[in-house]
Number of protein chains: 2
Amino acid sequence: MPRSPGQRAGLTHEAVLAAAREVFAERGLAGLSMRAVAAELGVAPNALYSHVADKTALVDALLDDQLAALAPPPPDAEPRDGLREVMLATYDLLGRHPDLVPLYLARQGARGPQARALGAAMTVLLGRLGLAEAEAGRVVRALIVSTLGYAALATADDANLRPPQLRADLEVTLDWLLRGATA
Amino acid sequence: MPRSPGQRAGLTHEAVLAAAREVFAERGLAGLSMRAVAAELGVAPNALYSHVADKTALVDALLDDQLAALAPPPPDAEPRDGLREVMLATYDLLGRHPDLVPLYLARQGARGPQARALGAAMTVLLGRLGLAEAEAGRVVRALIVSTLGYAALATADDANLRPPQLRADLEVTLDWLLRGATA
DNA sequence: TGGACGAACTGTACAGCGTCCAGTAAGTTG
DNA sequence: CAACTTACTGGACGCTGTACAGTTCGTCCA
């Protein structure tokens with residue numbers, strides 16, 4: 001509903017992020033412009049800059065936000081199963097939002113709180129496999145790199161590389177990595 | 001040298017690609033606009049469209065072009081060494097052109113002739129390790145995914161993730177993958 | 001040899017982008 | 001009640017990729 005002019009919109013960082021989420025869901029990454037987000041809020045484009053440093057900061061926030069859909073593996077799970085499950089869930093999530101894959105890789109998305117929480121949960125599981133923290137960090141990175149990489153591959157529309165096929169390949173790859181890391 | 005008006009520029013696909021290579025080398029991906037390429041050739045921006053479908057096609061060509069700097073592993077190399085060398089050389093190349101990493105991942109750059117040649121040479125080496133062609137393709141993908149993924153990670157300026165450190169991690173990861181694949 | 005034809009190129013223009021600047025109006029604090 | 005801060009608007013700048021229409025050239029065939 002359009003405010004009467006002279007009224008404040010009462011924006012917040014969260015409101016802007018929510019609008020960005022909406023625009024992204026409806027029109028994809030290509031449709032996610034500052035102007036579109038502003039229009040969604042019924043506000044002039046520049047108004048966003050009171051709540052967000054610039055577009056890349058908004059996109060970063062959106063990237064982490066999307067990870068909220070992923071449940072961290074419980075600490076008492078069988079470690080290998082838990083790790084495989086998160087990674088496959090991540091792969092599936094990215095499959096639903098292929099636009100984001102390059103962004104996660106480019107800025108290595110793992111900066112926000114959601115990403116941190118997932119990383120910490122994975123480190124716990126690797127600890128139960130006997131890995132020290134530094135070593136666990138390296139393995140987490142290896143797992144993530146392959147998962148994001150396969151998700152990126154799945155966005156190319158090559159008949160030989162359908163997402164289910166690649167998902168199976170990813171599963172095998174994760175297995176090799178975990179086996180190598182705990183040998 | 002500026003042609004006298006009314007003279008043809010005599011552009012070709014290769015000339016456009018060469019200009020794009022030049023602009024990219026000097027001003028990076030952000031500076032690679034159709035206008036910049038056209039200016040480099042002393043030509044109106046739209047002139048490019050007689051030789052290139054659109055910008056993404058030009059960028060695709062540039063991506064494959066850059067791979068020409070990579071020497072395919074000789075077929076008689078020790079397979080594991082040869083594979084590790086190409087992948088590390090790829091990692092090093094991408095380290096010099098971080099801008100391109102997301103693009104390689106997004107369009108899975110491996111469509112052009114250069115990419116195909118590298119893939120074929122890798123498949124030969126994997127064949128000598130006893131892998132059938134389909135299986136070799138999967139392993140090639142796994143290796144590439146990790147290599148590009150680590151290169152992407154290296155573009156994030158995190159003090160804990162310096163390129164040399166990640167290169168070492170990649171080396172270990174490649175080892176795990178090759179070991180897993182040939183077990 | 002001339003005339004048609006297609007390709008190459010220019011000029012102009014459009015719609016869109018991120019974001020800066022200056023101004024105004026509202027809310028908050030002394 | 002006055003001073004100040006914050007949130008927002010209007011307008012603009014410089015840039016993008018590329019579509020459209022028109023002109024000029026090289027080539028090929030009658």
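Convention: sequence-line order gives letters A, B, ...; per-chain numbering from 1. These figures come from a predicted structure and were not determined experimentally.
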- Given dC17(C), dC8(D), dT10(C), the nucleotide with the shortest approach to the side chain of A47(A): dC8(D)
- Query: Just how far, in rounded Å, is P of dA8(C) from CG of L41(B)?
  - Reply: 14 Å
- Find the distance L29(B):CG to dG17(D):C1' and express it as a whole number of Å. 15 Å
- Taking all heavy atoms of G82(B) and all of A77(B), pick out the closest pair and write down the distance. CA-CB, 4.4 Å
- Kindly state which residues belonging to residues 48-56 of chain B come within less than 4.0 angstrom of DNA chain C, counting heavy atoms of the residue only, listed by number. S50(B), H51(B)
- Item | Atom-pair distance (CG on N46(B); P on dT23(D)), nearest Å | 16 Å
- First locate atom CG of L131(B), then atom CG of L125(B), and finally report the distance between them rounded to the nearest 0.5 Å. 11.0 Å
- Task: Would you kindly give the NE2-to-P distance between H13(B) and dC9(C), to the nearest whole Å?
- Result: 15 Å
- Message: I'd like to know if R35(A) reaches the base of dG18(C) with its side chain, counting only an N/O donor and acceptor under 3.5 Å.
- Response: yes
- Task: Can you figure out which of dT10(C), dT9(D), dG17(D) approaches the side chain of V43(A) most closely?
- Result: dT9(D)
- Task: Among dT19(C), dT18(D), dG18(C), find the nucleotide with the atom closest to the side chain of P45(A).
- Result: dT19(C)
- Query: Heavy-atom distance under 4.5 Å between the side chains of L178(A) and L126(A), does that happen here?
  - Reply: yes
- Message: So if I apply the side-chain contact (heavy atoms from CB on, under 4.5 Å) rule between M87(B) and each of I144(B), T173(B), V140(B), which one comes out positive?
- Response: I144(B)
All N/O donor-acceptor pairs, side-chain side in residues 35-54 of chain B, below 3.5 Å, sequence neighbours left out:
residue: D54(B); atom: OD1; partner: T56(B); partner atom: OG1; Å: 3.2
residue: D54(B); atom: OD1; partner: A57(B); partner atom: N; Å: 3.2

- With hydrophobic residues grouped by side-chain heavy-atom distances under 4.5 Å, do V86(B) and V124(B) end up in a single group? no
- Taking atom C1' of dG16(C) as reference, at what distance in whole Å does atom CZ of R27(A) sit? 13 Å
- Task: Rounded to the nearest angstrom, tell me the gap between atom CG in L11(B) and atom P in dG26(D).
- Result: 15 Å
